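Everything below concerns the one structure shown next.
The figures that follow rest on heavy atoms only: side chains count, while hydrogens, waters and symmetry mates do not. Only a predicted model underlies this, so the values are computations on that prediction, with no experimental measurement involved. Chain letters run A, B, ... following the sequence lines, proteins first and then strands; every chain starts at 1.
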Amino acid sequence: MNELIRDVCYLAAAASFILALKWLSAVPTARRGVLIGVAGMVLAVSGTLIQKEIVEYKWIVIAFVLGTVVGVPLANIPMTAVPQRTALSHAFGALAAALVGTAEYYLKATKFTHFELSALALEVVLGFLTFTASLMAFGKLQELIPTRPITYKNQNIVNLGVLAAAIICSVLLVLDPTKSYLFPIIAGLALTFGVMLIVPIGGADMPTVISLLNSYAGLAASAMGFVLDNKLLIIAGALDGASGLILSIIMCKAMNRSFTNVLFGAFGQVQTASSGEVEQRTVRSATAEEAASFLEAASSVMVIPGYGMAVAQAQHKVRELFDVLQKKGVEMRFAIHPVAGRMPGHMNVLLAEADIPYDKLLEMEDANSDLPQVDVALVIGANDVTNPAARHDKNSPIYGMPIIDVDKARTVMVIKRSMNPGFAGVENELYFEPQTLMLFGDAKSFVSDLVKELSGGGGH
Amino acid sequence: MNELIRDVCYLAAAASFILALKWLSAVPTARRGVLIGVAGMVLAVSGTLIQKEIVEYKWIVIAFVLGTVVGVPLANIPMTAVPQRTALSHAFGALAAALVGTAEYYLKATKFTHFELSALALEVVLGFLTFTASLMAFGKLQELIPTRPITYKNQNIVNLGVLAAAIICSVLLVLDPTKSYLFPIIAGLALTFGVMLIVPIGGADMPTVISLLNSYAGLAASAMGFVLDNKLLIIAGALDGASGLILSIIMCKAMNRSFTNVLFGAFGQVQTASSGEVEQRTVRSATAEEAASFLEAASSVMVIPGYGMAVAQAQHKVRELFDVLQKKGVEMRFAIHPVAGRMPGHMNVLLAEADIPYDKLLEMEDANSDLPQVDVALVIGANDVTNPAARHDKNSPIYGMPIIDVDKARTVMVIKRSMNPGFAGVENELYFEPQTLMLFGDAKSFVSDLVKELSGGGGH
Amino acid sequence: MDPAHQGSSIVLLLYIFMLAAFIGFEVIRRVSPLLHTPLMSLTNAISAIAVVGAIGLAGKAETTFSTILGTVAVTASMINIVGGYLITYRMLRMFKKKEQIKK
Amino acid sequence: MDPAHQGSSIVLLLYIFMLAAFIGFEVIRRVSPLLHTPLMSLTNAISAIAVVGAIGLAGKAETTFSTILGTVAVTASMINIVGGYLITYRMLRMFKKKEQIKK
Ligand SMILES: NC(=O)c1ccc[n+]([C@@H]2O[C@H](COP(=O)([O-])OP(=O)(O)OC[C@H]3O[C@@H](n4cnc5c(N)ncnc54)[C@H](OP(=O)(O)O)[C@@H]3O)[C@@H](O)[C@H]2O)c1
Ligand SMILES: NC(=O)c1ccc[n+]([C@@H]2O[C@H](COP(=O)([O-])OP(=O)(O)OC[C@H]3O[C@@H](n4cnc5c(N)ncnc54)[C@H](OP(=O)(O)O)[C@@H]3O)[C@@H](O)[C@H]2O)c1
């Protein structure tokens, strides 16, 4: 009887998760998606708790309380910290899968079939490597450890060697499950490989990696499902695996990098900018006062936010700018590049946090078709996603990456702190165009100066 | 070993069918969809043929040959006969499912579990009722039997009684599988119910019914999958079931009828037109020559094809009209109502058959936003889908059905044979509008007259 | 065939049905109205998958009755397979863009 | 656990995996880029479904070792469940249309 209830709960939970993702696909239904996702999880947990094999609730309750106590603050971090939070929680998810796999092995190693043992080995290897890799990614994003890529000779060969060793040990274990001394070796190799995988990758490349790690964590859960003969785990894991994979593919496409290039560790290679001609070019810079007068005179303004806006936490000031311009009858919209910032959709959440209506956020294609009619394009802390070299300079490392064509606007203003390049490490020729004005300063304080100028001007 | 190969074949076949439907969703990939569908079927059949239980190939080969000999001509019918062909093939599909279920019952009635027997009963009931219902639908569409709905008092109660009797017998059989005398009764009741279901439905309502029958045939195959523990059958059946259901929902929506209304047999009730005011109104009619001069003078023409074009097989003449107008620099496009004709997508295939480029076919919404800029709206054998009463006359049986707003065009010309109403049986007030010209005649011969006038005129 | 195993097997089949039905709805909702008629004939061909069960009957040669029923069922399914795929392909060949027709 | 049954069971699980992965790809490909960050946190919460396996370990109390590992795993999953759903909901609450903000 309990089994039947559990089976029904699990079936309903699987359906709920599918609906959750389906409803998340558009803003009007998205919240409903989260609620049904919660319902699915409640069903899954309840269905498990009522099983008669569960004889001891003490530790479960303690773990629930502990998890909630840690989980709630982790949900209330500032939006700019979302990338590192995601990395951290992948680490937790992968750890859970790895530990369950470990315990299952020691409980009934010899009772598994070859197929089940292979799934278990996959679960443990993926779990442990995702655990340390996610922790490393977290460390780099939170800048607890140096973010710059650390490379040495033959790194790829050494890394693949470690992975191969883990796989060979797994195969041996599957063939002879009693060789339990192999298990700690496999776990150790997987943990090591996780660290080594991230060492050569720069902090800025983390988002693609995190997304892949999401995929791995999902696959580990799916593998657990094969071990425990649990369809819910298989389904939920497969959904996650697909999600992570798709997001990383999207990111790769938006950066015009091949997926294999990312998969095989070529990321992290420091891309040296082709600085052949060291020709001295001039840039025009402007003060907040001058910039404000441009904005005031414009009838339409397109803001291109980037990583700098996130770092400076400037989104709330940008919202003030939006309000003050709106009062003056200037239309301000936002052009969102798919990989602006450091994770997919990064800019959208930040701007939504600052209460910017989401119908003012344009996707890249729409923004590009409007830009030639825009008076002022205001770039706030974005760099690579505006670099026209991507369109024509075949030698540029970002050649072929789709960009926001800010240079088509009548006037371009760029808020950043210096002439330093962005993530890709290449100079941005946009800054030398005749219609470009550089507004040097921290994004937050510069935008707040603009707001002051504009409201001051409005008060006259 | 053979089992493993079969399992792999089935898994691949299931994946192929899914991809087939996915690729069918857009024209550029649609043909690839059919090919992978064929591949899936070949895989499924091969995987079955290599099983060691198959000891006798003679009958299988004979059946293959017979099936091919009948199947090929059935694929080469004129496009106008597609609705009846579809009905006929639903009958074949349902028959196959019902016969397999019958044979399985007599082979091992007592070896099934309750669940399997229930699935078997469902398969047989759905199979047999879909079989006769589809044959009836075929007969009505092919006009072998009278197409008009035949109704009598308490019809719904009688019908439901037959269905209930079939269900009760099935329950008894599931509870005691040895009562094999019940089986022929169930089959008989299901066969009868299939006939009775269609008797009260008019020929014109057949498409919705056919689509539902498609859904039933799919569900019967899925039920067979539960009986035979065959996942491929479950998946393919579920895909079909979903497809039929969705298409009938789409048709219901486009006719503004509730789905429950269709499901519970309210269709077929003869809709008596509200002929309260028998006011004598005048219509303007015109000859082919006059109509041709209007077309020649226009710069844009929108053709609204309907059931009449299909009946008259006028699509090739329409294509000639298209060519001759194009030569004269007149743009001719087509506005396709979702339920124009007698099955979903009917007009699209007909026009495609006549080599009209599919980018000239507009969906209803797009056509409606363009119509106010159109010089001549040429209605060819369409009626209900152009009736403005749907927009404002709350008493009209078609009130609320989305229509093509032909009355917004500068001039409207309507080719039909008489002032008779169309499928819904209501008068079309469009014909009394001042900008409307009636072109009385058979669609094919009138269009061919138009072509003659226009090419004659071009030769002057 | 102990009941526990039967139970779990039914659940598994229900999972498969649920997932497949969901895929069906998602995929078919997105089929362009332009292609609804080919869609009907393609699903028609696919539903002839009942052939798999029919071949089993016709080939196992258990009783004359089951062999006859199986043979009829294989024939009926084969008509749908051959007819369904051919007519779908034939319809799709008709859909051409302007440029393709010019050629 | 006769091999035949094992075999069939594996195939069933593979079917489920295939169908679920297909659904995942279809559904997630259609998520608006606007919502990619909430998507990441929602899938994160869903992947905490490993809790189902972890509860089994922590509650069966078979060995001290397995209970400890199970408890840690339940805690880790619970962090993700609570944190993941809450932050997703929090993010989504931020997305407002113009009219909604005015109110
Ligand atoms: N979103 C994703 O999913 C994702 C994933 C992987 C990789 N990436 C990569 O990340 C990059 C994103 O492009 P992006 O244009 O957003 O960023 P970017 O190219 O990294 O440029 C950010 C700019 O912001 C400026 N900045 C930094 N802190 C600032 C502050 N406090 N105030 C004002 N400006 C500040 C920096 O210039 P100064 O130092 O001169 O101020 C820098 O040039 C792309 O290259 C993309 O490929 C994104
Ligand atoms: N497509 C679907 O999936 C579907 C499904 C279910 C129901 N329906 C129903 O079918 C109807 C379709 O609307 P419709 O506008 O296409 O058709 P309609 O309303 O049935 O009108 C067809 C018109 O064509 C004329 N006609 C018949 N034969 C002709 C010929 N040889 N030459 C010239 N004209 C001829 C008839 O008028 P004369 O007799 O005066 O010539 C008739 O008024 C709708 O009511 C819809 O609800 C469609």
*Does any non-hydrogen side-chain atom of D:T75 lie less than 4.5 Å from one of A:F64?*
no
*Mind ranking D:I23, D:T67, D:L19, D:I55 by heavy-atom pairs under 4.5 Å with chain A and telling me who comes out on top?*
D:I55
_Residue pair D:S66 / A:Y106, side-chain heavy-atom distance below 4.5 Å_ = no
_So for D:L57, is it side chain, backbone, both, or neither that comes closer than 4.5 Å to the heavy atoms of chain A?_
side chain
*How far apart are the closest heavy atoms of D:E62 and A:L107, and which atoms are they?*
OE2-CD1, 3.6 Å
*Can you name the closest pair of heavy atoms from A:R85 and D:I87 and give their distance?*
CD-CD1, 3.5 Å
*With a 4.5 angstrom heavy-atom cut-off, which part of A:L21 approaches chain D: side chain, backbone, both or neither?*
both
*Going by heavy atoms in the side chains, are D:L69 and A:T102 under 4.5 Å from each other?*
yes
*What residue in A:G241, A:A236, A:P83 has the most heavy-atom pairs under 4.5 Å with chain D?*
A:A236
_chain A contacts, top residue of D:A21, D:G59, D:G83 (heavy-atom pairs, under 4.5 Å)_ = D:G59
*With a 4.5 angstrom heavy-atom cut-off, which part of A:L228 approaches chain D: side chain, backbone, both or neither?*
side chain
*Give the minimum heavy-atom separation between A:L239 and D:A20, together with the two atoms involved.*
CD2-O, 3.8 Å
*asked:* Report which part of D:F65 has an atom under 4.5 Å of a heavy atom belonging to chain A: side chain, backbone, both, or neither.
replied: side chain
*asked:* If you compare all heavy atoms of A:N348 against all heavy atoms of D:P33, which two are closest, and at what distance to 0.1 Å?
replied: ND2-O, 3.5 Å
*By a 4.5 Å heavy-atom criterion (distance strictly below it), what part of A:A30 contacts chain D: side chain, backbone, both, or neither?*
both
*Look up atom CD1 in A:I234 and atom CG in D:L13, then write down how far apart they are to the nearest 0.5 Å.*
4.0 Å
*Counting only heavy atoms closer than 4.5 Å, note whether A:V72 contacts chain D via side chain, backbone, both or neither.*
both
_Option that, when pairs with chain D are counted at under 4.5 Å, heavy atom only, ranks first among A:I62, A:I235, A:I336, A:L88_ = A:I235
*What part of A:I250 is in contact with chain D, defined as an atom under 4.5 angstrom from a non-hydrogen atom: side chain, backbone, both or neither?*
side chain
*Would you check if the side chain of D:T37 reaches a backbone N or O of A:M343 as a donor-acceptor pair within less than 3.5 Å?*
no
*Using a cut-off of under 4.5 Å for heavy-atom pairs, which of A:L95, A:V38, A:T86 has the most such pairs with chain D?*
A:V38
*asked:* Can you tell me if A:W59 has over 12 outside heavy atoms packed within less than 6.0 Å of its CH2?
replied: no
_Residue A:L35 versus chain D: region with a heavy atom under 4.5 Å_ = side chain
*Going by heavy atoms in the side chains, are A:D355 and D:M94 under 4.5 Å from each other?*
no
_Determine whether a donor-acceptor pair (N or O, by modelled atom type, separation under 3.5 Å) exists between the side chain of D:Y89 and the backbone of A:V34._
no
*Output the distance between atom NE2 (D:H36) and atom OG (A:S211), rounded to the nearest 0.5 Å.*
9.5 Å
_Taking side chain as everything from C-beta outward and backbone as N, CA, C, O, which of these in A:L219 sits under 4.5 Å from a heavy atom of chain D? Side chain, backbone, both or neither._
side chain
*For D:R29, is it the side chain, the backbone, both, or neither that has a heavy atom closer than 4.5 Å to a heavy atom of chain A?*
both
_D:N80 CG to A:F92 CZ distance, which is reported to the nearest 0.5 Å_ = 7.0 Å
*What part of A:L247 is in contact with chain D, defined as an atom under 4.5 angstrom from a non-hydrogen atom: side chain, backbone, both or neither?*
side chain
_Greatest number of heavy atom pairs closer than 4.5 Å to chain D - which of A:L66, A:V349, A:L74_ = A:V349
*Residue, of A:N230, A:L351, A:I77, A:I210, that accumulates the most heavy atom pairs under 4.5 Å with chain D*: A:I77
*How close do A:I60 and D:A58 get, heavy atom to heavy atom, and via which atoms?*
CG1-CB, 4.0 Å
*asked:* Need one label for D:I68: side chain, backbone, both or neither, based on atoms under 4.5 Å from any heavy atom in chain A.
replied: neither
_So A:L24 and D:L92, do their side chains get closer than 4.5 Å, heavy atoms only?_
yes
*Side chain, backbone, both or neither: which part of A:E363 has an atom under 4.5 Å from a heavy atom of chain D?*
side chain
Side chains of residues 43-51 of chain D: which donor-acceptor partners sit under 3.5 Å, not counting sequence neighbours?
{"from": "D:T43", "atom 1": "OG1", "to": "A:N214", "atom 2": "ND2", "distance (Å)": "3.3"}
{"from": "D:T43", "atom 1": "OG1", "to": "D:L39", "atom 2": "O", "distance (Å)": "3.1"}
{"from": "D:T43", "atom 1": "OG1", "to": "D:M40", "atom 2": "O", "distance (Å)": "3.1"}
{"from": "D:N44", "atom 1": "OD1", "to": "A:S89", "atom 2": "OG", "distance (Å)": "2.3"}
{"from": "D:N44", "atom 1": "ND2", "to": "A:S89", "atom 2": "OG", "distance (Å)": "3.4"}
{"from": "D:N44", "atom 1": "ND2", "to": "A:H90", "atom 2": "ND1", "distance (Å)": "2.9"}
{"from": "D:S47", "atom 1": "OG", "to": "A:D240", "atom 2": "OD2", "distance (Å)": "3.4"}
{"from": "D:S47", "atom 1": "OG", "to": "D:N44", "atom 2": "O", "distance (Å)": "3.0"}

*Heavy atoms only, distances under 4.5 angstrom: which of A:M347, A:M224, A:M41, A:K22 has the most pairs with chain D? Name it, please.*
A:M41
*Given side chains that start at C-beta, do those of A:M79 and D:R90 come closer than 4.5 Å, heavy atoms only?*
yes
*asked:* Do A:Y10 and D:V52 have side chains that approach each other closer than 4.5 Å (heavy atoms only, starting at C-beta)?
replied: yes
_Spatial distance of atom CD (A:E56) from atom OG1 (D:T71) [nearest 0.5 Å]_ = 9.0 Å
*State, to 0.1 Å, how close A:A96 and D:A73 come at their nearest heavy-atom pair, and which atoms those are.*
CB-O, 3.7 Å
*Checking D:S32 against chain A: side chain, backbone, both or neither under 4.5 Å from a heavy atom?*
both
